[in-house]
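Numbered from 1 within each chain, the chains take letters A, B, ... in sequence-line order. This one's a predicted model, so the numbers in the text were calculated from it and none came from an experiment.
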There are 2 protein chains.
Amino acid sequence: MPPFDATFAALSDATRRGVLEQLGREGASITQLAEKFHMTLTGMKKHVVVLERAGLVTTEKVGRVRTCKLGLRRLEEEAAWIEAYRRLWDARFNALDNVVEELKRREKVDE
Amino acid sequence: MPPFDATFAALSDATRRGVLEQLGREGASITQLAEKFHMTLTGMKKHVVVLERAGLVTTEKVGRVRTCKLGLRRLEEEAAWIEAYRRLWDARFNALDNVVEELKRREKVDE
DNA sequence: TAAACACTGAACCATATGGTTCAGTGTAAT
DNA sequence: ATTACACTGAACCATATGGTTCAGTGTTTA
């Protein structure tokens, strides 16, 4: 339901960002991820669950091994939010310049 | 020290994203923000502290009122990370097409 | 000077996070 | 049939989060 909350929260952990980067290279089992990030199986499982709930990862269990790969979420809305924010930020900080511009314009009028 | 962690965590809350959008329009006191987001002063103060620690907001106290405005962080690294991820994601999902392409190429060779 | 205002800090609460260990369950290999 | 493997679930732990109330402190304003 609240996409941003879950996604940004998922991205706020270095291990989880690492897992995403890893899965971008190739799929991996929970065991492989746990080893790569020096963590217990159970610990890694929790991270994977968080990533799954955020739509960033999907998993499938075949036999006794669960394979993880990137999920459908492509961070489009998140990228869009950040871009919108950056435009807002630019406008806000350019406002300072705008004051200067405005003063210059008035000077000219006064001439 | 860990910029992503603090920033993404700060962005994972709807109230805080709202505060950022508000401050993008114009600066505001803690009281004003607390009213706008239907929250106690103390509650809003905590959010502002989180945003400050992430570099997204700066505040200045003049007399008895603390005024908040957007901070220096423009989400550049965050935008860059997300963009890199999206490229990774595209490559990963295009890989499926690539398999198809590869098969087609082999068929041609076999002809 | 008294009253109102804006904030701050401490304490509390319920829930979440990031990790662990331990005890299973089910699957694969010998 | 036994053993080893990969995962899962429950329980636990310390700390963080998102909120609150209550009791200040310091600043305006009347």
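- Distance A:K46 NZ to D:dA6 P: 21 Å, rounded to the nearest Å.
- Rounded to an integer number of Å, the gap from B:E60 CD to C:dA6 P is 18 Å.
- For B:R16 and D:dT17, the shortest distance from a side-chain N or O to OP1 or OP2 is not below 4.0 Å.
- The interatomic distance linking A:R17 (CZ) with C:dG18 (C1') rounds to 14 Å, in whole Å.
- Where B:T15 and B:G63 meet DNA chain D, the nucleotide closest to each residue was compared, and B:T15 sits on the side nearer the 5' end.
- Comparing D:dG9, C:dT20, C:dG9 against the side chain of A:K45 picks out D:dG9 as the nearest.
- For the residue pair A:S29/A:R66, the side-chain donor-acceptor check at 3.5 Å is not satisfied.
- Comparing A:S12 and B:S29, the nucleotide of DNA chain C nearest to each residue sits closer to the 5' end for B:S29.
- In this structure, B:L72 and B:L56 have side chains that are not in contact, with every pair of non-hydrogen atoms separated by 4.5 Å or more.
- In this structure, B:F37 atom CZ and D:dT20 atom C1' are separated by 19 Å, rounded to whole Å.
- A:M44 places its CE atom 17 Å from the P atom of D:dG9, with the value rounded to the nearest Å.
- The side chain of A:T42 lies closest to C:dC22, out of D:dG18, C:dC22, D:dC22.
- Classification of the A:F8-A:W81 ring pair by plane angle, with boundaries at 30° and 60°, yields perpendicular.
- In the set C:dT8, D:dG9, D:dG19, C:dT8 carries the atom at the smallest distance from any side-chain atom of B:K61.
- Listed candidates were C:dG18, D:dA6, D:dG18. Nearest to the side chain of A:D13 is C:dG18.
- Of all nucleotides listed (C:dT8, D:dT20, C:dG18), C:dT8 comes nearest to the side chain of B:R66.
- Comparing A:A9 and A:H38 along DNA chain C, the residue whose closest nucleotide (by nearest heavy atom) sits nearer the 5' end is A:A9.
- A 6.0 Å sphere centred on CD of A:E76 holds more than 12 heavy atoms belonging to other residues, nucleotides or ligands.
- Rounded to whole angstrom, the span from the CZ atom of B:F8 across to the C1' atom of C:dT17 amounts to 18 Å.
- Classification of the A:F93-A:W89 ring pair by plane angle, with boundaries at 30° and 60°, yields parallel.
- Contact between the side-chain N/O atoms of A:H47 and the OP1/OP2 oxygens of C:dG19 is found at a separation under 4.0 Å.
- Residue contacts for A:L41: at a heavy-atom cut-off of 4.0 Å it reaches a base atom on one of the strands shown.
- Closest to the side chain of A:R64, from the set D:dA11, C:dA10, C:dT27, is C:dT27.
- Across the protein-nucleic acid pair, B:R53 atom CZ and D:dG18 atom C1' stand 13 Å apart, rounded to whole Å.
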